[in-house]
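Notes follow once the structure below has been shown.
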Amino acid sequence: MHFQEDDIPPYLDGLNEAQLKAVLQTEGPVMIIAGAGSGKTKVLTVRMAHLIRQGADPFSILSLTFTNKAAREMRSRIEKLVGPAARSLWMGTFHSIFARILRMEADRLGYPKNFTIYDTDDSKSLIKTIVKEMGLDDKVYKPSMVLGRISSCKNNLIDPLGYAENTENLLQDKNANRSKFHEVYKAYAERCFRSGAMDFDDILVNMHKLLRDHIDVCNKWQHKFRYIMVDEYQDTNHVQYMITKRLAAVNQNIAVVGDDAQSIYAFRGANIQNILNFSKDYPEVKVFKLEQNYRSTQHIVNAASSVIKHNKKQLEKEVWTANEPGEKIRVVRSITEAEEARFVAQNIFEEKNLNQLPNKAFAVLYRTNSQSRAFEEALRKANIDYRIYGGTSFYQRKEIKDLIAYLRLVINPTDEEALKRIINYPARQIGDTTVNKLVYLAGENHVPVWDIVANVRQYSDMGSAALRVDNFAMMMKSFMSMAQSHNAYDLAMHIARQTTLLKSLYEDKTVEGVSRYENTVELLNGIKEFVEDDESDKEKTLANFLEEVALYTDDPKNQDPERDSVSLMTIHQAKGLEYPHVYVVGLEENLFPSQLSLSSRNELEEERRLFYVAITRAESKLSLTCATSRFRYGNLTPCEPSRFIEEVDSQYLDMNLAGLKREGVHNRFDNSGSSLPNRFERSYTTRASTLLKQVTPPNNSLPPVDPDFVEGDMNLLKVGHKVQHQRFGFGEVKEIEGEGANRKATVFFDALGEKKLVLKFAKMRIL
DNA sequence: TACTAAGCTCTTTTT
DNA sequence: GAGCTTAGTA
């Protein structure tokens with residue numbers, strides 16, 4: 001299709017040549033290799049808008065993404081282009097789209113329509129139960145390890161039978177002293193099926209099975225989806241690859257978008273070969289390369305290229321930008337993570353005021369979720385609003401999972417994990433002994449545990465416990481019948497009241513108790529909103545709500561676009577996002593690159609791609625920060641700067657800005673052997689009044705804390721006292737100054753080695 | 001069966 | 001440090 005100059009529809013305005021070509025090539029297989037910041041999302045959304053404008057039925061367009069955030073972003077952008085028609089698109093994550101299809105076709109696979117989706121906790125709990133039942137050593141068969149192996153089997157479409165038939169697998173397991181693994185896998189699969197439950201991987205595996213084994217169903221969906229688009233194709237794993245290939249087999253209109261330099265999900269089975277081999281699968285493929293970066297300054301783009309070129313495996317690609325050179329990348333090294341966080345918070349504060357920027361212009365990116373703490377604290381103290389993505393989400397909280405377990409059981413009584421969670425919560429005198437018996441009977445009779453619970457007396461030889469189990473069953477049955485006639489909110493509220501869940505949380509006036517109560521109320525409000533939401537065309541059933549809870553793992557509180565806050569997230573979550581100012585923090589060897597990633601899979605290249613993703617999030621200003629020591633597992637450990645800092649071409653780096661210790665960064669490269677540079681003899685000050693919270697009861701190796709000291713009277717602290725500080729470990733008081741609550745102690749901490757770190761601190765315990 | 005204190009283990013990224 | 005398990009007690 002060709003347009004005259006003045007003929008170009010307005011929605012195609014502002015596309016460069018490569019982007020326009022990629023948009024207009026709507027038929028046949030298309031591969032778009034899109035460098036970071038090259039307008040990939042723009043191309044995808046405009047392409048969909050273009051299809052719709054050309055008369056394609058939105059219901060015939062399937063667009064798959066990896067994260068909910070990406071799906072949401074894309075939906076809102078398309079809505080701006082084509083209006084409400086965007087709602088009819090089949091757009092979402094692999095998991096949410098396939099779950100939707102599987103619900104329609106569940107009977108074909110022998111699953112109930114209301115099948116449950118097990119989250120990682122459910123899966124691990126089930127594995128733990130199975131390992132216990134089989135009498136295996138739970139030190140060898142650790143739930144996370146077992147689940148990890150099961151997951152990678154599923155991602156490669158190896159079922160329990162196929163696994164057990166492969167002698168190589170069995171030999172490998174035997175050598176690793178886990179020869180029963182295949183039996184655990186088999187039991188796990190059977191148990192999930194019996195519970196009417198799919199785990200995350202099952203959603204993919206079963207989707208594949210559905211298309212493979214049911215030709216009529218496969219045919220239906222193949223014809224339905226005339227156009228298929230896959231975002232982040234470099235992150236697809238084998239089963240995802242097989243599904244999309246099959247779905248596209250009839251129309252062959254498949255467009256994949258990706259960047260091999262941003263492949264960061266090998267740990268969950270992503271196969272970079274999928275994108276590298278795309279042209280082999282579709283010889284007539286049209287390839288478009290988007291190489292102009294519109295997002296970042298020259299310094300950032302060039303720095304990113306200078307790092308990624310250390311990787312061997314990559315597609316040919318030259319990312320460039322016409323943007324300003326911009327500022328150099330700042331490198332900052334602090335003493336501890338707390339100081340690192342304070343630096344970032346203060347820097348955000350200054351930049352904000354200097355350049356009149358909103359909070360949402362800033363993002364702090366880290367390798368692991370646990371690193372968020374220090375930054376939360378620093379930002380809170382600086383009075384800067386922030387939001388944390390990921391980590392323990394709202395739906396992972398105990399009180400939320402408890403109430404949701406009731407709802408899950410109502411919808412799908414065969415859900416074993418939900419049943420086990422609540423059968424004795426709140427306590428109703430049904431202990432482990434009874435529960436184990438029920439589960440055992442279920443296994444004996446090859447029925448779901450609920451069947452036993454609902455008919456205890458038929459199976460019962462358990463005396464008075466039977467009465468209590470029966471009462472529980474009666475209560476659940478009343479909820480189930482109520483579900484027929486009431487909406488999700490009324491039912492949830494009824495359950496929360498009837499089970500005294502709400503009341504007991506309300507009566508708990510501890511800080512945690514209050515927050516648990518508030519969370520539960522919030523969940524109820526969330527259900528109410530879901531029920532009353534007219535926007536979405538989805539049915540307002542409880543089953544749909546539970547599906548959202550299981551698959552939309554991001555915190556609903558984080559989705560308010562109006563809220564002006566600094567974003568804190570892992571680099572994985574930052575994929576596809578961009579911010580004017582970015583701080584990539586915790587750049588220390590063994591943390592980023594991660595020790596585990598290097599030792600278990602030797603994935604330095606993937607870690608480097610992750611670093612590449614991190615720095616290409618920044619539009620104009622980028623800071624790389626690290627600490628010289630960090631508390632890990634409760635111990636203060638020295639840290640070396642990440643090798644990735646070294647890999648950035650130094651002409652793009654500014655090592656002399658605020659707080660930078662150039663010689664600090666150089667220390668590692670000097671081979672001086674010491675990880676703590678001399679210049680860290682400096683002082684810290686904290687008010688004595690913060691002490692109270694920090695005094696903890698003595699353990700057996702320490703004498704009791706002086707009660708007067710607990711009262712906050714610093715006068716008892718004398719030179720020579722041995723103290724313990726929560727961050728810096730053990731040390732000795734060298735000097736005392738000031739009076740009362742303002743009294744300061746200068747302490748030398750031995751944890752920091754020969755190099756003395758002098759602190760003025762009151763947050764400590766006397767030994 | 002329920003509750004508490006002490007002891008042990010594991011630390012990555014996501015749907 | 002946190003989360004979980006175990007042992008001991010009510």
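First the proteins, then the strands, lettered A, B, ... as listed; each starts at 1.
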> Once you round it to whole Å, what is the distance between C1' of B/dT14 and CG of A/Asn155?
Replying inline: 11 Å

>> Is the phosphate of B/dT11 approached by A/Arg367 (side-chain N or O, under 4.0 Å from OP1 or OP2)?
In response: no

> Is any side-chain nitrogen or oxygen of A/Gln573 closer than 4.0 Å to OP1 or OP2 of B/dT14?
Replying inline: yes

> Just how far, in rounded Å, is C1' of C/dC4 from CG of A/Asp121?
Replying inline: 13 Å

> With a 4.0 Å cut-off on heavy atoms, is A/Phe94 in touch with a base, just the backbone sugar-phosphate, or nothing at all?
Replying inline: nothing

>> One pair to check against salt bridge (Lys or Arg N to Asp or Glu O under 4.0 Å): A/Arg373 and A/Glu337. What are the steps and the verdict?
In response: CA-CA 10 Å; A/Arg373 266 185 166 227; A/Glu337 55 188 323; over 6 Å; no

> Of all the choices, B/dT11, B/dT13, B/dA2, which nucleotide is nearest to the side chain of A/Leu596 once you look at every atom?
Replying inline: B/dT11

>> Can you work out whether A/His95 or A/Ser597 has the more 5'-proximal nearest nucleotide on DNA chain B?
In response: A/Ser597

> Contact class for A/Ser370 (heavy atom, under 4.0 Å): base, sugar-phosphate, or nothing?
Replying inline: nothing

> Base, sugar-phosphate, or nothing: which does A/Arg468 touch, judged by heavy atoms less than 4.0 Å apart?
Replying inline: nothing

>> What's A/Ser123 touching, base or sugar-phosphate or nothing? Going by heavy atoms closer than 4.0 Å.
In response: nothing

>> If I take atom OH in residue A/Tyr425 and atom P in nucleotide B/dA2, what distance separates them, rounded to the nearest angstrom?
In response: 13 Å

> Does one side chain, of A/Asp201 or A/Ser151, offer a donor that lies under 3.5 Å from an acceptor on the other?
Replying inline: yes

>> Just to be sure I understand the rule, does A/Asn424 reach a base, reach only the sugar-phosphate, or reach nothing, if contact means heavy atoms closer than 4.0 Å?
In response: sugar-phosphate

> Starting at the 5' end of DNA chain B and moving along, which residue's nearest nucleotide shows up first, A/Glu607 or A/Leu551?
Replying inline: A/Glu607

> A/Ile430 has an atom CD1; how far is it from atom P of B/dA2, in whole Å?
Replying inline: 9 Å

> Is there a side-chain polar atom (N or O) of A/Thr434 under 4.0 Å from OP1 or OP2 of B/dT1?
Replying inline: yes

>> Rounded to whole Å, how long is the line connecting atom CG of A/Leu610 with atom C1' of B/dT12?
In response: 10 Å

> Where the side chain of A/Arg373 is concerned, which of C/dA2, B/dT15, B/dC10 is the nearest nucleotide?
Replying inline: C/dA2

>> Do A/Tyr188 and A/Ser123 pair up side chain to side chain, a donor and an acceptor below 3.5 Å, judged on atom types alone?
In response: yes

> So which nucleotide from B/dT12, B/dT13, C/dT5 ends up closest to the side chain of A/Thr570?
Replying inline: B/dT13

>> What's the gap between C/dC4 and B/dT13 when it is taken at their C1' atoms, as a whole Å value?
In response: 23 Å

> With a non-hydrogen cut-off below 4.0 angstrom, is A/Lys575 in contact with a base, only sugar-phosphate, or nothing?
Replying inline: nothing

>> Could you check whether A/Ser125 and A/Lys420, counting side-chain N and O atoms only, form a donor-acceptor pair closer than 3.5 Å?
In response: no

> Rounding to a whole Å, what distance do you find between A/Asp231:CG and B/dT15:P?
Replying inline: 14 Å

> Is there aromatic stacking of A/Phe267 against B/dT13, centre distance under 5.5 Å, plane angle under 30°?
Replying inline: yes

>> Mind checking if A/Ala550 touches a base, just sugar-phosphate, or nothing, with heavy atoms under 4.0 Å?
In response: nothing

> Whole-Å distance between B/dT15 P and A/Arg72 CZ?
Replying inline: 10 Å

> Within the structure shown, what part of the strands sits under 4.0 Å from A/Thr67 by heavy-atom distance: base, sugar-phosphate, or nothing?
Replying inline: sugar-phosphate

>> Check the orientation of A/Phe115 and A/Tyr111. Use parallel for under 30°, tilted for 30 to 60°, and perpendicular for over 60°.
In response: perpendicular

> CE of A/Met145 versus P of B/dC10: gap in Å, rounded?
Replying inline: 12 Å

> From the list B/dT15, B/dA2, C/dT5, which nucleotide is the closest neighbour of the side chain of A/Gln429?
Replying inline: B/dA2

>> With a cut-off of less than 4.0 Å, is there a side-chain N or O of A/Asn369 near OP1 or OP2 of B/dT13?
In response: yes

> Can you tell me how far CD1 of A/Ile308 sits from NE2 of A/His310, rounded to the nearest 0.5 angstrom?
Replying inline: 10.5 Å

